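Step one of this worksheet: look at the structure below.
None of these values were measured; they are calculated from a predicted model. Just so you know, these numbers use all the heavy atoms, side chains as well, and skip hydrogens, waters and symmetry mates.
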Number of protein chains: 4
Amino acid sequence: MMRADARRNRARVLEAAEVVLARDGLSASMREIASLAGVGVGTIYRQFPAKEDLYQAIVVDRMARLAALADELATAPDAGEAFFEYFTMIVEDSTVKKVLVDALAAAGIDAKAGTPDIRGAIETLLVRAQGAGAVRGDVGMAELLALLSATCLAAQHHGWDEDLRTRTLAIVFDGLRPSPATPA
Amino acid sequence: MMRADARRNRARVLEAAEVVLARDGLSASMREIASLAGVGVGTIYRQFPAKEDLYQAIVVDRMARLAALADELATAPDAGEAFFEYFTMIVEDSTVKKVLVDALAAAGIDAKAGTPDIRGAIETLLVRAQGAGAVRGDVGMAELLALLSATCLAAQHHGWDEDLRTRTLAIVFDGLRPSPATPA
Amino acid sequence: MMRADARRNRARVLEAAEVVLARDGLSASMREIASLAGVGVGTIYRQFPAKEDLYQAIVVDRMARLAALADELATAPDAGEAFFEYFTMIVEDSTVKKVLVDALAAAGIDAKAGTPDIRGAIETLLVRAQGAGAVRGDVGMAELLALLSATCLAAQHHGWDEDLRTRTLAIVFDGLRPSPATPA
Amino acid sequence: MMRADARRNRARVLEAAEVVLARDGLSASMREIASLAGVGVGTIYRQFPAKEDLYQAIVVDRMARLAALADELATAPDAGEAFFEYFTMIVEDSTVKKVLVDALAAAGIDAKAGTPDIRGAIETLLVRAQGAGAVRGDVGMAELLALLSATCLAAQHHGWDEDLRTRTLAIVFDGLRPSPATPA
DNA sequence: TATGAATGAGTGTTCATTCAT
DNA sequence: CATGAATGAACACTCATTCAT
């Protein structure tokens, strides 16, 4: 029973922390987060020994959601479409959750999207897309994650609008696709 | 002429600020910068009335250097090569000056490479490369700067090594180049 | 109930602030006050968001005490005696709380004894004394407060001893009393 | 010759210091004073080893002027008029040079108007006025200076307008004058 | 257990004072 | 000798973290 309360508190704190971080950036204060979550600062410290732990938890939380999305798309009928849709959605999401990834990354936390489980989920999407001939076979996970990270970071920093996002990703996606010709 | 000392101090402060900013990110303290520069905090404040002015000065300094490089390459014989070389050099430079652009951008300063003079210099490179058939004609400045910013940001955040940088930029450059085929 | 501690701390801070202000004048530092109060500087800031708020609180505190004293004397049998006794007591008190009123006044805070409630209380004393023929009828509140303020200020600044205070106030009081002569 | 320059600089600094002190109060900065005086801060320090010495010099300067005024009035035909005129002028002057006396006094400098030479000059005015029957014989220098200081201080602090000054001084002067009656 | 008052090191910034020029 | 750049202690104030309640 007590566990239920604790879990709810944890969720409320994480939710509040995301909101406050998005709004105030890196300088968000624990008091602000606590107050939005409707708890005392002490309650946050019970769950997260230090501010950085709270940040870490947010990253993990986000990663988990992204991994879940990747898992879902892993069974989509069109592997190429699934791959590019996933890429697009992540960047789109980053634009909205502005400042967050930046804040976390700048906080010295690795947001490389390199947490094992998500890495695996993304790799599945990549391999399937390559198998379907939608992505060049010589593209590795390292480059893919680098591009994903780069576009997310920039989308957040500069608040890419939909048009810019579409046009920029079009170029990146073109670079990822196999050369149409070079036949004969 | 004390002015000589003052000028040297200004340079030392800027240098130290770049280093400390790169190391500690946005939260770098004036004291830390002063101590690395080997001057008192008051000396920084004589040149830069507020912390943000110091940041601004660094941005301007950097922009100026990038613009100068672009101007230089604007007269290179191979326009396509010049364009891609410029892109590569900037990203390479960013890797070394880790966190800096990010820190500055997050400080509310526009590091979009959008300062007029540098924008013009880059546009020249782009137009020439497009004229030489090295870059697709439908690529605009907005997308180009977005990609440049994205790769710089990511290179800094994650410390891309040479191999990763080469492989990632290869994909982006491929997306920027005209489709090789669709020929007669 | 932590509130008990908080209340005690507030009182200790106010007490310490009066002392330090009296000793160091306007330039009293928050650290000094905190240290004398035996609390951290943060504790002061919890109760008083800015230095000026602390000053204000002290002024309000003092005014309240002076108003209470005036109210008490308002029902004394001899109105003239009550009036002059009040004047004397305030100046006497000021001598002890050296520099305080001055410090507060110079801080841009109105210590003119002009806070509404105290103004009213003093006016009652004046009117009653005039009714009893102990004070000239043409003396207004403005002059009275000016004289009160003047003597308090000087008593503080220069540390009037009892003898000087008595002799100086005797002159002022003589000026306030109706001319003894001009009789039939 | 050099002496002339030095003397002129000293005068300019003192003049500037009075102005700046009147405007900015106690927190006036040496740089501000230097800049208004049209000299470097170092030049001030050559004449006045520390800020307090500058303040002291201003006090002395003022005292000298007040003493000169007293000397002048010492030979006026109507001793009583001279005495009250002097009192009024000093208070009036204080109102204009707002903040100055306060600033000086709060700086820990004794502005008691007790510097020997001025003390003597004022005493002459008092004795002559007493001799002329314009001031009670039992008024001593201590009370007189106390009243003078008190009214100056208050006039400055609260910016007495002409009306208030006149009415307040009227009361004080009445207290200083011999009782009109008490005759047989 | 949750709370929020208390803590104090740390921040950006100012300014009296010194001293190289 | 005047100058003003350099210094660094000091200031008001913030905030992550602790701990008494």
Separation of dA16(E) P from Asp53(D) CG (nearest whole Å): 14 Å

Donor-acceptor under 3.5 Å (Lys51(B) side chain, Ala28(B) main chain): yes

Sugar-phosphate, base or nothing in reach of Ala37(C), heavy atoms under 4.0 Å: nothing

Between dT17(F) (C1') and Ile33(A) (CD1): distance, integer Å: 14 Å

Nearest listed nucleotide, side chain of Ser29(A), among dA16(E), dT11(E), dC15(F): dC15(F)

Short side-chain to backbone donor-acceptor contact, Gln47(B) and Ala11(B), under 3.5 Å: no

Glu18(A) vs Arg65(A), salt bridge (charged side-chain N to carboxylate O under 4.0 Å, His left out): CA-CA, chis, key distance, verdict: CA-CA 14 Å; Glu18(A) 281 212 30; Arg65(A) 276 188 262 169; 2.7 Å; yes

Minimum heavy-atom distance between Asp24(D) and Glu32(D), given as atom pair plus value: OD2-CG, 4.1 Å

Note, Leu54(A) side chain near Ile33(A) side chain (heavy atom, < 4.5 Å): yes

For atom CZ of Arg7(C) and atom P of dA20(F), their distance in whole Å: 21 Å

Between dT11(E) (P) and Met30(B) (CE): distance, integer Å: 12 Å

Residues, nucleotides or ligands: over 12 heavy atoms within 6.0 Å of Glu15(A) CD: no

Base dG10(E) paired with Arg31(C) side chain (donor-acceptor, <3.5 Å): yes

Contact under 4.0 Å: Thr43(A) side-chain N or O vs dT3(E) OP1/OP2: yes

For DNA chain F, stems built from three or more consecutive Watson-Crick or G-U wobble pairs below 3.5 Å: E:2-21 with F:2-21

Between dT17(E) (C1') and Arg46(D) (CZ): distance, integer Å: 14 Å

Asp24(B) CG to dG10(E) P, straight-line distance once rounded to whole Å: 13 Å

Toward the 5' end of DNA chain F, by each residue's nearest nucleotide, Asn9(B) or Ala50(C): Asn9(B)

5' precedence on DNA chain E between Val39(C) and Lys51(B) (nearest-nucleotide basis): Val39(C)

Minimum heavy-atom distance Ile44(C)-Met30(C), with the two atoms named: CG2-CE, 3.6 Å

Val41(C) side chain, from C-beta outward: closest of dA16(F), dG12(E), dG8(E): dG8(E)

Arg8(C) CZ - dA20(F) C1' separation (whole Å): 12 Å

Nearest-nucleotide pick for Tyr45(D), side chain only, options being dA16(E), dT13(E), dA6(E): dA16(E)

Nearest-Å distance for atom pair CD/C1', residues Glu32(A) and dA16(F): 15 Å

